[in-house]
Amino acid sequence: MKTANNSQNIPFNEAQQAWLGGFFAGMHSHILQSAGSGDAANARTISILYGSQTGNSESVAYDAAQLAKAHGLNPNVLSMDEIEADNFIKLEYLLIITSTYGEGEMPDNAQMLWDAISSDDSIDLAQMHYSVLALGDTSYDLFCQAGIDWDQRLEKLGAKRLYERVDCDVDFDDAAEAWISNTIPLMADGAATITVDSSKTSNAPKYGRKNPFLGKLVTNRLLSSPDSSKEIRHYEISIVGSGLSYEAGDALNVVPVNCPELVSDIISAIGCSGDEDEPVSGELMPFTQALSEHFEIKLPSKELLEEIAKRSGDQKLNNALSSGDKDKLASYLWGRDTLDLLLQSPEMQFSAAEFLALLKPLQHRAYSISSSGKAHPDTVHLTISSVRYNSHDREHKGVCSTYLSDLANEETAVRCFFSPNKVFRVPEDNDLPMIMVGPGTGIAPFRAFLQEREFRNAKGVNWLFFGDRNASTDFIYRDEIEAMQKSSVLGKLDLAFSRDQEEKIYVQDRMREQGAELFTLLEQGGYFFVCGDAYRMAKDVDKALHDVISTQGSMSEEQAAEYVNQMKKDKRYVRDVY
Ligand SMILES: Cc1cc2nc3c(=O)[nH]c(=O)nc-3n(C[C@H](O)[C@H](O)[C@H](O)COP(=O)(O)OP(=O)(O)OC[C@H]3O[C@@H](n4cnc5c(N)ncnc54)[C@H](O)[C@@H]3O)c2cc1C
Ligand SMILES: NC(=O)c1ccc[n+]([C@@H]2O[C@H](COP(=O)([O-])OP(=O)(O)OC[C@H]3O[C@@H](n4cnc5c(N)ncnc54)[C@H](OP(=O)(O)O)[C@@H]3O)[C@@H](O)[C@H]2O)c1
Ligand SMILES: Cc1cc2nc3c(=O)[nH]c(=O)nc-3n(C[C@H](O)[C@H](O)[C@H](O)COP(=O)(O)O)c2cc1C
């Protein structure tokens with residue numbers, strides 16, 4: 001276990017460099033006057049802890065470390081689960097960069113440290129100087145709650161806030177850059193600073209969030225049956241010529257283009273033509289292009305919602321907004337998108353510029369890669385459920401899932417970039433058991449894991465818990481799974497098709513049925529992976545895991561929780577949930 005005291009000044013490995021994206025490139029314009037970085041041994045150590053589920057906060061942490069080095073500091077970047085509470089409470093200079101997950105919750109890698117620090121009021125952090133950068137998304141009710149919680153907790157325990165917390169929305173780069181530029185000099189507090197070494201920025205990868213690569217979509221095939229109540233598709237995107245590679249467990253982010261019909265319906269609804277020239281990130285472009293490629297137009301931003309409420313005078317919307325009752329607002333909004341809200345008050349008009357000012361930037365969507373980079377070095381496979389539903393007398397479509405299914409074709413260059421996931425990995429030890437729980441599209445990374453184990457000729461037991469609605473229509477990758485069973489790559493398979501019988505059967509029911517064997521494999525050092533729905537499935541699977549350990553290991557609830565925590569610390573219980 002790494003601690004703050006034994007992993008000083010860790011070098012940037014390839015994955016960490018990859019996280020830097022194009023972000024740091026903008027930062028070398030901050031020219032800092034100095035005599036030099038000085039004696040590294042005497043440099044002040046600052047700890048930069050990140051709580052991150054999909055790597056954004058981690059990437060910002062490494063950006064902060066670059067600038068800290070340039071200021072003559074000794075940055076120690078750690079995931080929050082790499083530091084014990086006993087070491088945490090001794091820290092003197094601390095930057096916390098954390099995202100928020102679930103419904104206002106900590107990311108997985110921050111939970112244990114948070115539990116320890118938030119449950120002990122006797123902790124005294126008088127020696128600590130800190131600042132918090134919170135990453136989040138204003139479309140969630142509890143915006144940046146994890147960062148807010150850390151900020152308030154540290155203050156309550158006596159730590160000195162050196163710089164006000166900054167809460168970042170999805171387009172966090174500028175705010176994060178400003179926070180880094182402001183906090184690092186305060187952490188240095190007179191320590192020698194140097195001119196940022198531009199050679200450091202030259203290692204930045206070619207592609208990233210700000211500079212996605214253009215991948216050719218070479219395969220788009222229906223996985224679920226045409227009779228299924230859902231549409232799950234298999235995609236392959238070529239990375240030939242990009243110089244890029246990936247690992248099983250990584251995610252690919254896809255930058256979508258909005259549906260052309262939705263764009264033109266919105267333009268008509270607000271009384272524009274679409275030809276208006278509008279500036280977007282310093283470039284002048286037609287309104288239609290701006291809406292197609294640069295802005296989120298499906299789900300309304302809070303600003304747009306408030307403006308529509310004001311202009312339309314819609315009583316229900318105004319009541320939902322002013323009540324402060326988030327459930328009321330959520331239930332009003334459920335199934336309604338921006339166009340529905342505009343169509344409710346057809347007299348409401350906006351100029352193109354007014355409308356753009358109320359929108360959020362169009363975000364990429366993450367997808368767990370369903371292929372092994374070793375078995376498929378030239379392509380990235382994705383397993384995606386197309387979001388389609390009918391409400392308010394209109395067909396509604398998810399932006400990115402249907403961009404890939406309906407719009408992209410073999411001529412389309414899909415804008416993408418990778419998100420490495422350092423902890424969601426096939427165990428290095430080929431003999432250790434791997435238990436994978438992945439219903440629905442949650443199967444994606446486990447297809448990759450199984451390919452990886454086959455490629456390595458690994459002998460450890462592989463056990464998959466999979467399920468979906470109906471076996472006859474939703475048993476995706478069935479041929480591959482059965483072939484892997486035959487060749488013994490897949491040692492054990494437990495299926496839970498929820499709608500094939502009156503009573504719902506879920507993967508966690510199968511886990512309970514197989515409790516004894518599951519516990520035996522955990523006792524042998526087995527890894528336990530979960531992927532798929534975060535809100536219901538992952539919570540219930542977590543509960544089932546605790547129950548199995550408690551029952552089979554004859555442990556109290558507390559002992560089972562301790563057992564699970566140790567698995568998390570050992571990175572043997574890891575999740576990729578969304
Ligand atoms: C790390 C990570 C990995 C992921 N991996 C995968 C994966 O492997 N496969 C996969 O399919 N997805 C995956 N996802 C989810 C994926 O990123 C997208 O969220 C998903 O594809 C939906 O995006 P979209 O743009 O199509 O829909 P959006 O345009 O984002 O619309 C989704 C929204 O539509 C609304 N909505 C959806 N259904 C209904 C309904 N029935 N009634 C009313 N409103 C509704 C909800 O507000 C919902 O939030 C992953 C997410 C993360 C964070
Ligand atoms: N919170 C959400 O809004 C939410 C939830 C799920 C999925 N999604 C999104 O929907 C898309 C497709 O999801 P998906 O294809 O992965 O399938 P899914 O909708 O997650 O369903 C897969 C299987 O999981 C079952 N399931 C439902 N509740 C469960 C629970 N508490 N425990 C265990 N299993 C449970 C489903 O059964 P039944 O449907 O028969 O109950 C189904 O058999 C993804 O983009 C995902 O992000 C969103
Ligand atoms: C499933 C899920 C739940 C989220 N919940 C919240 C939330 O409750 N509040 C919030 O502000 N942001 C929320 N976010 C947004 C993330 O915090 C945001 O995308 C952040 O940039 C992720 O950073 P990371 O990659 O370091 O984890 C959520 C994102 C996902 C995918």
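Order of appearance sets the numbers: ligands from 1, and atoms from 1 within every ligand. Values below: every heavy atom of this structure, side chains too, minus hydrogens, waters and symmetry copies. What you see is a predicted model; the values in this text were computed from it and never measured.
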Notebook entry, point to check: Going by the atom numbers of ligand 3, which of them fall below 4.0 Å from some non-hydrogen atom of Ser99?
Noted result: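 Listed by number with element: 17 (O), 20 (C), 22 (C), 23 (O), 24 (P), 26 (O), 27 (O).
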
Next item on the list: Please identify which atoms of ligand 3 are closer than 4.0 Å to at least one heavy atom of Thr54.
Entry: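 Reading through ligand 3 atom by atom, the close ones are 24 (P), 25 (O), 27 (O).
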
May I ask which of [options] has a heavy atom nearer to [atom] than the others do?
atom: atom 44 (N) of ligand 1; options: Tyr389, Tyr578, Tyr235; value: Tyr389
atom: atom 31 (C) of ligand 3; options: Phe143, Tyr578, Tyr101; value: Tyr101
atom: atom 13 (O) of ligand 2; options: Val437, Thr441, Ile443; value: Thr441
atom: atom 16 (C) of ligand 1; options: Gly335, Ala444, Ala366; value: Ala366
atom: atom 38 (P) of ligand 2; options: Lys539, Lys504, Glu231, Arg469; value: Lys504
atom: atom 1 (C) of ligand 1; options: Val577, Asp576, Leu382; value: Asp576
atom: atom 28 (N) of ligand 2; options: Tyr367, Tyr506, Phe497; value: Tyr506

Item checked: Heavy-atom gap Ala251 to ligand 1 smaller than 4.0 Å -> no

Compute the shortest N/O to N/O distance between [X] and ligand 3 and return yes if it is under 3.5 Å, no if not.
X: Gln145; value: no
X: Gly102; value: yes
X: Phe172; value: no
X: Tyr140; value: no
X: Gly55; value: yes
X: Glu103; value: no

Check: At a 4.0 Å threshold, what atoms of ligand 1 neighbour a non-hydrogen atom of Cys400?
Finding: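 Close to Cys400: 24 (P), 25 (O), 26 (O).
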
Check: Backbone or side chain, does any N or O of Val399 fall under 3.5 Å from an N or O of ligand 1?
Finding: yes

Margin query: Angle between ring planes, Trp150 versus Trp114, binned at 30° and 60°: parallel, tilted or perpendicular?
Written below: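 Ring orientation, 0 to 90° scale: perpendicular.
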
Notebook entry, point to check: When you measure from atom 31 (O) of ligand 1 to every protein heavy atom, which one gives the shortest distance, and what is it?
Noted result: Lys298 NZ, 3.3 Å

Next item on the list: Distance to 0.1 Å, residue and atom name: give those for the protein heavy atom nearest to atom 23 (O) of ligand 1.
Entry: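 Of every protein heavy atom, Arg365 CG, 3.7 Å lies nearest to atom 23 (O) of ligand 1.
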
Check: Is there a protein heavy atom at a distance of less than 4.0 Å from atom 48 (C) of ligand 1?
Finding: no

Margin query: Quick check on Val170 - does any of its heavy atoms sit under 4.0 Å from an atom of ligand 3?
Written below: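 No, Val170 has no heavy atoms under 4.0 Å from ligand 3.
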
Check: Quick one: does NZ or CZ of Arg425 land under 6.0 Å from the six-membered ring centre of Tyr527, within 45 degrees of the ring axis?
Finding: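 Because its charged atom misses either the 6.0 Å distance or the 45° angle limit, Arg425 does not stack over Tyr527.
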
Checklist line | Ionic contact status for Arg394 with Asp337, cut-off 4.0 Å | finding: yes

Check: Does the pair Asp173/Arg209 count as a salt bridge with the N-to-O cut at 4.0 Å?
Finding: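 Judged by the 4.0 Å cut-off on N to carboxylate O distance, Asp173 and Arg209 do form a salt bridge.
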
Notebook entry, point to check: Under a heavy-atom criterion of less than 4.0 Å, does Lys230 contact ligand 2?
Noted result: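 So Lys230 counts as touching ligand 2.
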
Check: Can you list the atoms of ligand 2 that are under 4.0 Å from a heavy atom of Gln508?
Finding: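 Near Gln508, meaning under 4.0 Å from one of its heavy atoms, ligand 2 has 30 (C), 32 (N), 33 (C).
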
Checklist line | Trace of the side-chain hydrogen bond (donor to acceptor under 3.5 Å, both in side chains) decision for Tyr130 with Asp151 | finding: CA-CA 9 Å; Tyr130 79 99; Asp151 190 34; 3.1 Å; yes

